[in-house]
There are 2 protein chains.
Amino acid sequence: MASKPRRPIPDATVSRLPIYQRVLDQLQTQGSTTVSSEDLAELAGVNAAKARKDLSFLGSYGIRGVGYEVDYLLFQIRHALGLTQQWPVLIVGVGNLGRALADYAGFTSRGFPVVALVDDDPAKIGTDHVGVEIRPLADVAALVRDLDIAIGVIAIPSAGAQRVAELLVEAGVSSILNFAPAVLTVPDGVHLRQVDLAVELQILSFHRQRDQRDSEVTESGERPG
Amino acid sequence: MASKPRRPIPDATVSRLPIYQRVLDQLQTQGSTTVSSEDLAELAGVNAAKARKDLSFLGSYGIRGVGYEVDYLLFQIRHALGLTQQWPVLIVGVGNLGRALADYAGFTSRGFPVVALVDDDPAKIGTDHVGVEIRPLADVAALVRDLDIAIGVIAIPSAGAQRVAELLVEAGVSSILNFAPAVLTVPDGVHLRQVDLAVELQILSFHRQRDQRDSEVTESGERPG
DNA sequence: GATGTCTTGTGAACGGCTGCACATGGTTGC
DNA sequence: GCAACCATGTGCAGCCGTTCACAAGACATC
């Protein structure tokens, strides 16, 4: 038996693997059979040395003097990310965001089919969205069991987010993606990721305002010495 | 004139300031007047020492033996993030995601009013969404000028994203938030942030699959020695 | 098969972030 | 006014991630 677990893959590398995957997807579609770390890095928007180091954590899948075989590298990245299988997704909250996520083609095409929608608005329950029936919150446990849900997505306002997270965990979901702008607490062993859309704007705001102040200082003449 | 630019605020700190802001907002609403670094950190989901160090980059706004005054700290964070003013936002692409973002209350309430919507679908142009008229792509330059747009949000498929980014930059937008799953290239001085919804799922997938493999190894009996 | 060219894989140095532990300094109670 | 207490602010050590620079290895050509 070969030893599978080489050195563990760093978080920073894991977060970039999906980018490499996307780039390699494109290259494959364009008919490229091999790619150098330099070209791959350029397309992924990173440094070539970083790309090579990232890929080296997966194994030695490059050929010195040649580059990486696109098909093979793509398979290895998919394998590392666990994307050789599908991960059915449940979305809680069928508001604007929930609908946008359910419709987002990038989910299904990357192996994350949205197979269940849940909402607590009686008016929505029973109706369909992109072929998926909207079910009440109380059905979460049954849906998770019957549809083998791997990932729960929270797309509701902050107020109910913690309660929904607990509901998902009780139902057996061990991976949660939370869009509610709230800090959630989950038990050990449950993976939680947070996406806060407003935070990104605030970071942009910070940089812009800093540039602005800097230029004001420069224009008004920084006192020398 | 006092020297404004103390040591620069690290990126890691900047990315947490919005979280502290949100927590302090809540505390203020609840009527709290002061908060300790420990409580603040707990609510923000970080280490207390980290919270203190983060806040110390803004200045010495705490009181030893007491804690931080909620109102004052909130003001200082808003000031550091440049949120004492409003930053008008233009959204390109009024599909599901664009609509979700336009409707998202968290934007306006945090100082980012969505004042312009743009799409290239003739059927949508001229219609209203939440009181904002949808305009053609060609109007971007005029909108940026007339409405003093600070931030452009790209919510269209990958294919056109680079072209739209260039359009925004030409129009004078220097901060861009991109939701298209593509690597964009912008000139120096333009701030670009990337949110890829599928990447988050793929990272969850990685962790889940790793846990799964680990438990398989354990169950089948790792060979000792 | 030997030589030159090309690209990977990685050792090592560097810089930034985290978290501990403690000195600093403000507050309260007597 | 003094002593005990409390929470902030920060020096320091360790860790993680990035980048450079180069050795190792594969291919092509003669």
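Everything numeric in this text was worked out from a predicted model, so none of it was measured. Note on naming: letters A, B, ... go to the chains in the order of the sequence lines (proteins, then strands), and numbering restarts at 1 for each one. For the numbers below, each heavy atom of this structure counts, side chains included, while hydrogens, waters and symmetry mates do not.
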Residues passing the side chain to side chain donor-acceptor pair (under 3.5 Å) test with B/Q76, sequence neighbours excluded, are B/Y61, B/Y72

Could you work out, with side chain to side chain donor-acceptor pair (under 3.5 Å) as the rule, every residue matching B/Q86, not counting sequence neighbours? none

Under 4.0 Å protein heavy-atom contacts per nucleotide of nucleotides 17-27 of chain D, with B for base, S for backbone only and - for none: SSBBB--BBSS

Return yes if some donor-acceptor pair links the side-chain N/O of [X] with the main-chain N/O of [Y] below 3.5 Å, else return no.
| X | Y | answer |
| --- | --- | --- |
| B/Q194 | B/A182 | yes |
| B/R110 | A/Q202 | no |
| A/Q212 | A/H207 | no |
| A/R208 | B/A150 | yes |
| B/Q162 | B/T185 | yes |
| A/S15 | A/A12 | yes |
| B/S205 | B/L201 | no |
| B/Q209 | A/H79 | yes |

Scan nucleotides 2-5 of chain D against the protein and return all N/O pairs shorter than 3.5 Å with their distances rounded to 0.1 Å.
none

Rounded to the nearest angstrom, tell me the gap between atom CG in B/L40 and atom C1' in D/dA7. 13 Å

note: A/E69, atom CD; C/dT7, atom P; distance rounded to Å ~ 17 Å

Heavy-atom nearest pair, A/N178 first then A/A161, reads OD1-CB, 4.4 Å

Can you name the closest pair of heavy atoms from B/I91 and B/A102 and give their distance? CD1-N, 3.7 Å

Heavy atoms within less than 4.0 Å of DNA chain D: which residues of residues 27-38 of chain B have one? Give them sorted by number. B/S36, B/S37

Let's see if you get this right: which residues in residues 19-26 of chain B place a heavy atom under 4.0 Å from DNA chain D? none

Side-chain N,O (A/Y68) to OP1/OP2 (C/dG9) below 4.0 Å: yes

B/V14 and B/F57: side chain to side chain contact (heavy atoms under 4.5 Å, CB included), yes or no, with the steps? CA-CA 10 Å; B/V14 171; B/F57 285 109; over 6 Å; no

